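Data block below; observations after.
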Amino acid sequence: MFITQLINGLTLGLTYALIAVGYSLVFGILRLVNFSYGSIYAFGANIIIFMIAKDFGLFPAVLISILVTGIVNVLIDKVALEPLRNQNAPSIASLITTIGVSNVITNLLIVFFSSEKKSFPSIFPFGSVQLGNIFVTYTQIGMLIISLLLLTFLIYIVYKTKIGLGMRATEQNAKAALLMGVDVNKVIKTTFLLAGMSAAIAGTLVASYYNMAYPNMGAVSGLKAFAAAVLGGIGNLPGSIIGGLSVGIFEVVAATVLGSEYRDSVAFIILIVVLLIRPQGIFGKKGIYKV
């Protein structure tokens, strides 16, 4: 029983980690919490339903959704956030803008797709594998494999590629990176593209897991992923993964021990405790500010 719940928690936690990584990527570069990210996650899943209704196959629809969601996330930065950066607007202005963008996207999804929950096809075969007394479904195995591969890919990009070096340089000091020849605008666009694509993949996996998608599906999941990012140390990719796994496991344990009505509260309880004890998160570092 415990192992089964642990596997459920790991499966759910890895999807939170995918979303949390998106928060960390953007925060690391811009020092901005992108609260429109939950709606981007929902956008990716709902686009797949739309594409399937237009007689696209499931996997072509998934690929189109990942690409389109990444591009939409870049456009959000270009239209709503970049003008604020160019005007040296305070961070609070950008944060409020992302909340507004989130509401706009969610309401547009409701207008075009309605607020009802819609059936979402499973992208993995039905059935399960028995390991002793433990049953692991093919869906859980598939989600674990895809999540791990994507997270490994994102970490590789950030720490082993030239564009990743630009990301880390921009995170340290954007002005100095620009003077050293780093194309900061390209770095920001790539960051938003990767964050949007990972959100679409996470939305696809979760919608497939529960076999449903709807416009508001990103509201709670996005906040849980934000809690996971803060727990691990927002801006730190490995920390976001650990935070996502922790939230997923705690959530499943709480649902088992206390009841399913408590599962959504766990992430926010963890967030409050972490902010009280270690505001920078498990792997985060205290900021040093000149006064």
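Note that the structure is a prediction, hence the values are computed from the model and not measured.
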* To do: Report yes if the distance between the aromatic ring centroids of Phe113 and Tyr214 is under 6.0 Å, otherwise no.
  => no

* To do: Please answer whether the main-chain N or O of Val187 pairs with a side-chain N or O of Thr191 as donor and acceptor at a distance below 3.5 Å.
  => yes

* So, does Ser39 use its side chain to make a donor-acceptor pair with the main chain of Ser36 at under 3.5 Å? -> yes

* Asked: Less than 4.5 Å apart, any side-chain heavy atom of Ser119 and any of Asn211?
  -> no

* When hydrophobic residues are tied together by side-chain contacts of less than 4.5 Å, even through go-betweens, does Ile99 share a cluster with Leu75? -> no

* Structure fact -> Only residue of Val74, Val68, Leu67 satisfying side chain to side chain contact (heavy atoms under 4.5 Å, CB included) with Ile71 is Leu67

* Would you say Arg31's side chain and Phe27's backbone share a donor-acceptor pair under 3.5 angstrom? -> yes

* Side-chain donor or acceptor of Ser198 paired with backbone N/O of Ala195 under 3.5 Å -> yes

* Of Val26, Asn86, Thr97, which is the lone residue that meets side chain to side chain contact (heavy atoms under 4.5 Å, CB included) with Leu81? -> Thr97

* Thr98 side chain to Leu95 backbone, donor-acceptor under 3.5 Å -> yes

* To do: Considering non-hydrogen atoms only, spot the tightest contact between Ala45 and Gly203 and give its length.
  => CB-O, 3.8 Å

* Asked: Checking Gln172 side chain against Ala169 main chain: does a donor-acceptor pair fall under 3.5 Å?
  -> no

* Asked: For the side chain of Ser114 and the backbone of Ile110, is there at least one donor-acceptor N/O pair under 3.5 Å apart?
  -> no

* Run through Leu14, Ile123, Leu144 and flag the one making a side chain to side chain contact (heavy atoms under 4.5 Å, CB included) with Leu205. => Ile123

* To do: Apply side-chain contact (heavy atoms from CB on, under 4.5 Å) to the pair Ile277 and Val273, showing each step before the final yes or no.
  => CA-CA 6 Å; Ile277 298 175; Val273 171; 3.6 Å; yes

* Asked: Distance-only, no hydrogens or angles: does the Tyr23 side chain make a donor-acceptor pair with backbone N or O of Gly235 under 3.5 Å?
  -> no

* Asked: Any link between Leu84 and Leu30 through a network of hydrophobic side chains (Ile, Leu, Val, Met, Phe, Trp, Tyr) touching at under 4.5 Å?
  -> no

* Hey, does Val129 have a side-chain heavy atom less than 4.5 Å from the side chain of Phe135? -> no

